[in-house]
Amino acid sequence: QVQLVESGGGLVQAGESLRLSCAASEHTNKIYVMAWFRQAPGKEREFVAVINRSGDYTSYANSVKGRFTISRDNAKNTVYLQMNSLKPEEAAVYYCAADGGSYLGASPRFYDFWGQGTQVTVSA
């Protein structure tokens, strides 16, 4: 059972940046895919970004392309999400997810492990 712990959330103003971290309880090279999702109150969980095992493939939701960057450091068992130019509508709980297979898509139901989430609040 892999445990994922997110950190780095907080309150920022629109246009500012945050970097989220997701630490895994075991070597992330055992987990082929890592992803970030977000969920705002009353809305469904939404895909943000995904990265493959080696870090040489990434994919993003259209709404965050060019502003968000997902990366990983397998030596530290950690995945990051750098978020720039944040918008008020992006306020949500951000979740880290892990897939033990090879799925690189946007559906949350194919991810095996989830963190508890970290709150991101963006003021206008």
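Atom set for the values below is all heavy atoms of this structure, side chains included, hydrogens, waters and symmetry mates excluded.
- Once rounded to the nearest 0.5 Å, the distance linking OG of S59 with NZ of K65 reads 6.5 Å.
- In this structure, M34 CE and N77 CG are separated by 9.0 Å, a value rounded to the nearest 0.5 Å.
- The backbone N or O of R53 sits less than 3.5 Å from a side-chain atom of N74, completing a donor-acceptor pair.
- Here the closest non-hydrogen pair linking A49 and Y60 is CB-CD2, 3.5 Å.
- Rounded to the nearest 0.5 Å, atoms OG1 (T69) and CG (N84) are 6.5 Å apart.
- One distance of note links CZ of F110 with CG of L104; it measures 12.5 Å at 0.5 Å rounding.
- Minimum heavy-atom separation, A40 to A91: CB-O, 3.8 Å.
- The shortest heavy-atom contact between S85 and S17 is N-OG, 4.1 Å.
- Both Y57 and Y103 are assigned to one and the same hydrophobic cluster, defined by single-linkage of ILVMFWY side chains at heavy-atom distances under 4.5 Å.
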- Query: Would M83 and Y94 satisfy side chain to side chain contact (heavy atoms under 4.5 Å, CB included), going step by step from the backbone distance to the final call?
  - Reply: CA-CA 11 Å; M83 306 186 294; Y94 282 70; 3.7 Å; yes
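- No side-chain heavy atom of E16 sits under 4.5 Å from any side-chain heavy atom of L86.
- For the atom pair CH2 (W36) and OH (Y95), the distance works out to 12.0 Å, reported to the nearest 0.5 Å.
- A cation-pi geometry, defined here as NZ or CZ lying under 6.0 Å from the six-membered ring centre and within 45° of its normal, does not hold between R72 and Y80.
- Considering OG of S63 and NZ of K87, their distance stands at 7.5 Å, rounded to 0.5 Å.
- Scanning for salt bridge (charged side-chain N to carboxylate O under 4.0 Å, His left out) contacts around E90 gives R38, R67, with sequence neighbours left out.
- Annotation: F47 is in aromatic contact with F37 [ring centroid separation under 6.0 Å].
- Side-chain contact between V33 and V50 is present, with at least one heavy-atom pair separated by less than 4.5 Å.
- A distance-only check finds no donor-acceptor pair linking the side chain of T121 to the backbone of L11 [under 3.5 Å].
- Scanning for side chain to side chain donor-acceptor pair (under 3.5 Å) contacts around D56 gives N52, S54, with sequence neighbours left out.
- A donor-acceptor distance shorter than 3.5 angstrom exists from the side chain of T78 to the backbone of K76, with no hydrogens or angles considered.
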List the atom pairs, with distances to 0.1 Å, where a side-chain N or O of residues 111-119 and a protein N or O form a donor-acceptor pair under 3.5 Å, not counting sequence neighbours.
unit_1: Y111; atom_1: OH; unit_2: G105; atom_2: O; d: 2.6
unit_1: D112; atom_1: OD2; unit_2: G100; atom_2: N; d: 2.7
unit_1: Q116; atom_1: NE2; unit_2: E6; atom_2: O; d: 3.4
unit_1: Q116; atom_1: NE2; unit_2: E6; atom_2: OE1; d: 3.4
unit_1: T118; atom_1: OG1; unit_2: G9; atom_2: N; d: 3.2
unit_1: Q119; atom_1: NE2; unit_2: A92; atom_2: O; d: 3.4

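- Looking at every heavy atom in both residues, V48 comes nearest to V64 through O-CG2, 3.6 Å.
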